Amino acid sequence: MVRTRWLGWMGAALATVGCAGAVLAADAAAAERSPSAPASGFVQQLPEPTHYRDWPAIKSRLPADPVLEARVRRIVASMTLAQKIGQMTQAEIKSITPAEVTRFYIGSVLNGGGSWPAGNKHAGIKDWLALSDAYYDASMATDAAIKVPIIWGIDAVHGDNNVFGATMFPHNIGLGAAHDPALIEAIGAATARAVRATGVEWAFAPTLAVAQNARWGRTYESFSTEGPLVRAYARAYVTGLQGDFGDHHVMATAKHFIGDGATRNGKDQGEAGVSRFDMINTHGAGYFGALEAGVQSVMASYSSWDDVAAGVDYGKMSGARALLTGALKDKMGFDGFIVSDWNAIGQLPGCSNASCPQAIKAGIDMVMVPDDWKAFIANTTRQVNDGEIPLARIDDAVSRIVRAKLRMGLFGTRPSQRAGAGDAGLLQSRALARRAVRESLVLLKNNHRALPLRRGAKILVVGKSADSLSNQTGGWSLTWQGTGNGNADFPNGESILAGLRDADGAANVSYSETAQGVDLKAFDAIVAVIGETPYAETMGDILPSATMRHSDRHPEDLAVLQTVARAHKPVVTVFVAGRPLYVNDLLNLSDAFVAAWLPGTEGAGVADVLFAARSAAGRYDFRGTLAAPWPAVPCPYAGAASDKAGRWLFAPSYGLRYPDHHVMSTLPTYPAVDACAEASALSVFHTLAVPPFALYLADGNPQHPAHEVGTDLNAVIEWPASHPLLRLRTVQVNTQQDAKSVSWLGTGRFFARSPQSRNLMPLVAAHAALQFDVVIATPARGAVKVYMGCGEHCTRSVDLTRTFGRYASGTRHTVSIPLQCFIRGGSDLSHVDVPFGMLASAPFSAAFADVKIVRAAAGRADLPCASVDAP
Ligand code: BGC
Ligand code: BGC
């Protein structure tokens, strides 16, 4: 049996599991039992894994069209250089007015996550449409001989998720569990109708990452760890979004090319170290499907690829000519255009957000320059005039953009004149989303037939995610991070709790988030809805030093299950999370356990299946199966990749059905593990303070109280925090919003502290160093010290005045100070609660990023203590 092969040492605990029909969604009988199953055996539609040695030529379903090509040539031939570069520029709606669109011949705008017309989160469909008309009219008001309409792009990644009132579908990881390409095509089509109704013509979807490591904060944007499923879904999704390019369709984007799901340790925007074979056949799989379906745009990935085995380092994708032009356009035959990601060009060596001839020469056709578009246009114009960027490359880029716009039928109609424009009804597809929720649920455990629930049973619902549309929808929901939303922000949605009440009768359902003080005896069953809270991109990364144990990050979930376990009533846990996590402790406290992923706005789909509600075709049963393996240990990725045994509790394709006889015995737990990496690394601040550390601002006296920098993600990102003596802002040093810039207005401290102290002496013995990146904005005139706090009345500092004095302003330096330097004079570092503090006085201003304690970093000379000591 497929499953037992994967169980490894967990096989023993699951030895009593019956196998009948539990695992394979291909099981025709199982599909019949499920009312939402399509008529055909859908799993058979999955393509076979490929074994290409080189990038294959892909046949697009779009026919060659000589008439279209002639039009493209005629339009491009009529254009001035300014018009061409304008076409290649994509600005953010916050940073560009319609008048500027006219003046600079701008080809595209986007709204980023959490950006809406007039900055209004509750903007109505008419506001979106009016803004779209305004940009369109502006693009028609230029003095160009042939006017090229603008195209607006949006991150519609689970429905039209930036738009108030729109239906949000489950995030991709849940859709992967559904194993249903026909459902995906329907979701693509519904999303396109919604986006187009607002006047927007381009969706930055689907994400085709084949995520290999659930530490990645974008795991939930990936359908599966398996290439063939991603390929089938890519094809279906693009077909649904682009359709026949009519008024109800939008241009799709296959993103992020290529290897975004392959990075080491699942680090967002990190480096893939995979072989060429894996890059093509696993991470390329989605592109085969998308290109077959005729996708018109591809977004280049922030990540990079170092093919160690072949000795080829391609660097960051936005500059990788061999892949963008060589593989994608030349070999695979992509005839649409490539757009770079948000300020991604600024990450290429020698480039800035406003200038990057390398990226254009590598094959980027449209540049996403949210803010610095004016300087970008000036720089690019100069680079073409100087011959640095060949005009032929510009013509090719513009031809690709114009071709896509012609195919999309954008010429000649205002957004508001197109069919469906302004129809608020098109924002909603509630029945489809509810079906998607039902199909995405995976039943991991069902001891003593705790499920299905009996209608009319007295049920206590507990857990922080039961009545939280914000937790249900996750990142990329109204706001970029998905934080800062309440239930009222989703007027057309239903929480899981509301769905349970509808199904069971409101009088039968009680809710208490923590279950504290509730008389548990009064209930027949308990439903605990727990899980992750929203995040997006880098903010969701789980660092290699942290465990994948859910209870470490969310102890409140373990606490509520412990509370209800005392009642000895059946406990059904619904786990709302963007990825598989180590949850053995939670499984042990639950009789039934359902992976619900991030289900979106239609929480009622959960109750449909928990109650096995009656439908036209029978009763609903679970039909989802895992599309990624589920960890059996807190550190599933640690150690050699070859030593796989025992890492996974459930293999891909695992998932129970109601008729299965299944008893899961108590699983082993690992309470003592508090870190996955060796003791050599301690991350203190990496985009955010790494728990248990938090950041503080304070005056110069270590005995005085400190002001904690907020931990709410949005607050941290937007926060120009003020303190009488210090100003703090979030800025970029390496990647977006990864650094804190601190300006001293008087004498003050900026530091990271944990509630408990730790013993750094073993790290001292291992020759570890405190390391951080710094960019000095205003040089200090007085002393600057870095210090560690070692308990009450104990600080140990190292003077950095001379070191910083040698650094040029505006350039990044990596400072590495041996811990040894902090322990002169008989002091020790056995009780450190502040591993990093900066003490300085005005004037001084600098940005700090990536603060950690590491073993002497390879290739980077530590500062000898003498060079940092005060004279
Ligand atoms: C924007 C997002 C964007 C992100 C890039 C945010 O400020 O709102 O749309 O993806 O920056 O990291
Ligand atoms: C993300 C993309 C997104 C873009 C625009 C980037 O940060 O990586 O997926 O499409 O922002 O919001």
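Because the structure is predicted, anything quoted here is derived from the model rather than measured. The basis for the numbers below is simple: all heavy atoms, side chains too, and nothing from hydrogens, waters or symmetry mates. As the structure lists them, so they are numbered: ligands from 1, and atoms in each ligand from 1.
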Can you say whether the rings of Trp152 and Tyr135 are parallel (under 30°), tilted (30 to 60°) or perpendicular (over 60°)? perpendicular
Can you confirm whether Met548 sits close enough to Tyr637 that some side-chain heavy atom of one is under 4.5 Å from a side-chain heavy atom of the other? yes
Please indicate whether any nitrogen or oxygen in Asp155 is less than 3.5 Å from any nitrogen or oxygen in ligand 2. yes
Any side-chain heavy-atom pair of Trp128 and Trp116 under 4.5 Å: yes
Aromatic ring proximity Trp202/Phe337, centre distance under 6.0 Å: yes
Measuring centre to centre across the rings, with the benzene-like ring taken for any Trp, is Phe169 within less than 6.0 Å of His158? no
Answer with side chain, backbone, both or neither: which part of Arg218 has a heavy atom less than 4.0 angstrom from an atom of ligand 2? side chain
List the steps and the verdict of salt bridge (Lys or Arg N to Asp or Glu O under 4.0 Å) for Glu537 and Arg218. CA-CA 5 Å; Glu537 301 192 47; Arg218 305 191 81 157; 3.7 Å; yes
Glu221 near ligand 2, heavy-atom distance under 4.0 Å? no
In short, Phe288 meets Ile280 closest at the heavy-atom pair CZ-O, 3.4 Å
Contacting atoms of ligand 2, where contact means under 4.0 angstrom from a heavy atom of His256: 2 (C), 8 (O), 9 (O)
Structural part of Tyr302 in contact with ligand 2, heavy atom criterion under 4.0 angstrom: side chain
What atoms in ligand 2 come closer than 4.0 Å to a heavy atom of Met299? 2 (C), 10 (O)
Report yes if some N/O of Glu537 lies less than 3.5 Å from some N/O of ligand 2; otherwise report no. yes
Looking only at distances, please establish whether an N/O atom of ligand 2 is found under 3.5 Å from an N/O atom of Lys255. yes
Go through ligand 2 atom by atom and flag the ones less than 4.0 Å from a non-hydrogen atom of Asp341. 1 (C), 2 (C), 3 (C), 4 (C), 6 (C), 7 (O), 8 (O), 11 (O)
